[in-house]
Amino acid sequence: MKSILITGGAGFIGSHVVRRFVKRYADYHIVNLDALTYAGNLENLKDIENRPNYHFEKADIVDAAAVRKVFEKHRPDGIIHLAAESHVDRSITDPLAFVRTNVLGTVNLLDEAKALWGDNMSEKRFYHISTDEVYGSLGDTGLFTETTAYDPNSPYSASKASSDHFVRAYGETYEMPIVVTNCSNNYGPNHFPEKLIPLFINNIVNMKPLPVYGDGNYTRDWLYVIDHARAIDTVFHEGVIGETYNIGGFNEWKNIDLVKLLCNLMDSKLGRPEGTSEGLITYVKDRPGHDRRYAIDSTKIKNELGWEPSVTFEQGLAETIDWYMENEDWLRNVTSGDYQSYYEEQYDKR
Ligand SMILES: Cc1cn([C@H]2C[C@H](O)[C@@H](COP(=O)(O)OP(=O)(O)O[C@H]3O[C@H](C)C(=O)[C@H](O)[C@H]3O)O2)c(=O)[nH]c1=O
């Protein structure tokens, strides 16, 4: 039996990866290691929590002793590392939190894997899930490829770039069997409503303002989270050790166009007169250091591993909206506590 440890498995992307692995690989021993911070939620895994091949361990990757205990208990052969602080706006107000989790936490995991595996690394794998933001910002043309130079602009992307470098350094220095993927913006069910799409769905439902940063002409490449989970499965099993693969949706949208599309779809789902939600659009002060455009070239993973997105944006967005509208309790629970005051504070500071 293969023991696979997935960090951040209670989070957005992580929960889709855990679900996929638990359902597809009955003979694997799947361990979800998660600190259950504000964006981690075991509700995301209710449907699989009683499966015999699923195990949950609450631990913070910053706590090396706690990580060691989990490693000694479950002796993972493979590690899929998704645990991270991920929200760019939060990184602007609290960079150190990002250094702790994303840099220190990653190095802790690498060290514990090295200690556990010793010289016997041949059947092992350390897989780091990263972001296209490490490449910085594009102009109006061009795409990020696996050889684009790192040029991070936000504390978040700097912390992810640093963790990528550490993972590669452990590959070079200790011959750890590593693999890295850099993905574009994900969307889909279970996404914490601080990110653009779920925040705006939630605000439209509640007739609240839709805060578009700056002029709204920023571009992102959107990838359905379920397609991303499938890509992670493919890279974990078939990716070549030491390689990087970019994972994107071939699906670029300017924020303002995406927001207008979302408004129209939501008006028709909610039976509201056309234009109601667009009336909620409010241009607010820009995010400092806001990257203008991300766009990813996923040709390598397509040509070498046969992965490409399978869900169209229209389908994925419709499924996402339906999920949020059918899971109002989930949304209410995750937006309780200090969530509202956190956001109000952020806008005041801009
Ligand atoms: C929350 C929010 C965002 N925006 C803009 C800012 C961006 O241009 C775009 C998407 O923002 P969001 O914060 O959802 O995502 P990114 O900053 O692109 O980063 C995301 O995608 C990458 C790949 C990761 O690696 C990050 O972890 C993930 O958070 O909408 C607004 O205009 N208003 C808002 O209220």
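Numbering of ligands and ligand atoms starts at 1, following listing order. Just the heavy atoms: all of them, side chains too, but no hydrogens, waters or symmetry mates, feed the values below.
- For the pair Asp322 and Lys269, the salt-bridge criterion is met [side-chain N within less than 4.0 Å of a carboxylate O].
- When only interatomic distances are considered, the shortest N/O to N/O separation between Cys183 and ligand 1 does not fall below 3.5 Å.
- Judged by a 6.0 Å distance limit and a 45° cone about the ring axis, Arg90 is positioned over the six-membered ring of Tyr38.
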Asp329 and Asn333: CA distance, side-chain angles, deciding distance, side-chain hydrogen bond (donor to acceptor under 3.5 Å, both in side chains) verdict = CA-CA 6 Å; Asp329 286 350; Asn333 288 342; over 6 Å; no
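- For ligand 1, none of its N or O atoms has an N or O atom of Asp89 under 3.5 Å away.
- Where the criterion is an N or O separation shorter than 3.5 Å, residue side chain and backbone included, Asn255 meets it with respect to ligand 1.
- The closest heavy-atom contact to atom 31 (C) of ligand 1, among the options Tyr283, Tyr213, Trp253, comes from Tyr213.
- Counting heavy atoms closer than 4.0 Å to ligand 1, residue His290 contributes side-chain atoms (C-beta onward) but none from N, CA, C or O.
- The minimum heavy-atom distance linking Val311 with Asp227 is given by the pair N-OD2, 3.0 Å.
- Within the set Arg293, Arg90, Lys195, Glu133, the minimum heavy-atom distance to atom 16 (P) of ligand 1 is found for Glu133.
- No hydrogens or angles considered: nothing links the side chains of Tyr224 and Asn186 as a donor-acceptor pair under 3.5 Å.
- In terms of polar-atom proximity, Tyr156 is counted as a contact of ligand 1, with an N or O under 3.5 Å from an N or O of the ligand.
- At a heavy-atom cutoff of 4.0 Å, ligand 1 is contacted by no atom of Asn186, backbone or side chain.
- Contact annotation for Asn185 and ligand 1: heavy atoms of both the backbone and the side chain come within less than 4.0 Å of the ligand.
- Here the shortest heavy-atom distance to atom 13 (O) of ligand 1, taken over Arg287, Arg292, Glu194, belongs to Arg287.
- The shortest N or O to N or O distance between Ser86 and ligand 1 is below 3.5 Å.
- With respect to Leu305, the side chain to side chain contact (heavy atoms under 4.5 Å, CB included) criterion is satisfied by exactly one of Lys300, Glu243, Glu238: Glu238.
- Counting all heavy atoms, side chain and backbone alike, Ser154 lies closest to Val88 at CB-CG1, 4.0 Å.
- Residue Pro211 holds the heavy atom nearest to atom 35 (O) of ligand 1 of all those in Ser184, Pro198, Pro193, Pro211.
- Contacts between Asp291 and ligand 1 below 4.0 angstrom, taking non-hydrogen atoms only, are absent altogether.
- Between Asp221 and Ile296, the closest heavy-atom pair is OD2-N, 3.4 Å.
- Judged purely by distance below 3.5 Å, without hydrogens or angles, the side chains of Ser277 and Lys260 never pair a donor atom with an acceptor atom.
- Contacts between Ser157 and ligand 1 below 4.0 angstrom, taking non-hydrogen atoms only, are absent altogether.
- For Arg292 and Tyr218, the positive end sits near the middle of the six-membered ring, less than 6.0 Å away and at most 45° from its axis.
- The shortest N or O to N or O distance between Asp132 and ligand 1 is not below 3.5 Å.
- Within the 4.0 Å heavy-atom criterion, both parts of Leu196, backbone and side chain, lie near ligand 1.
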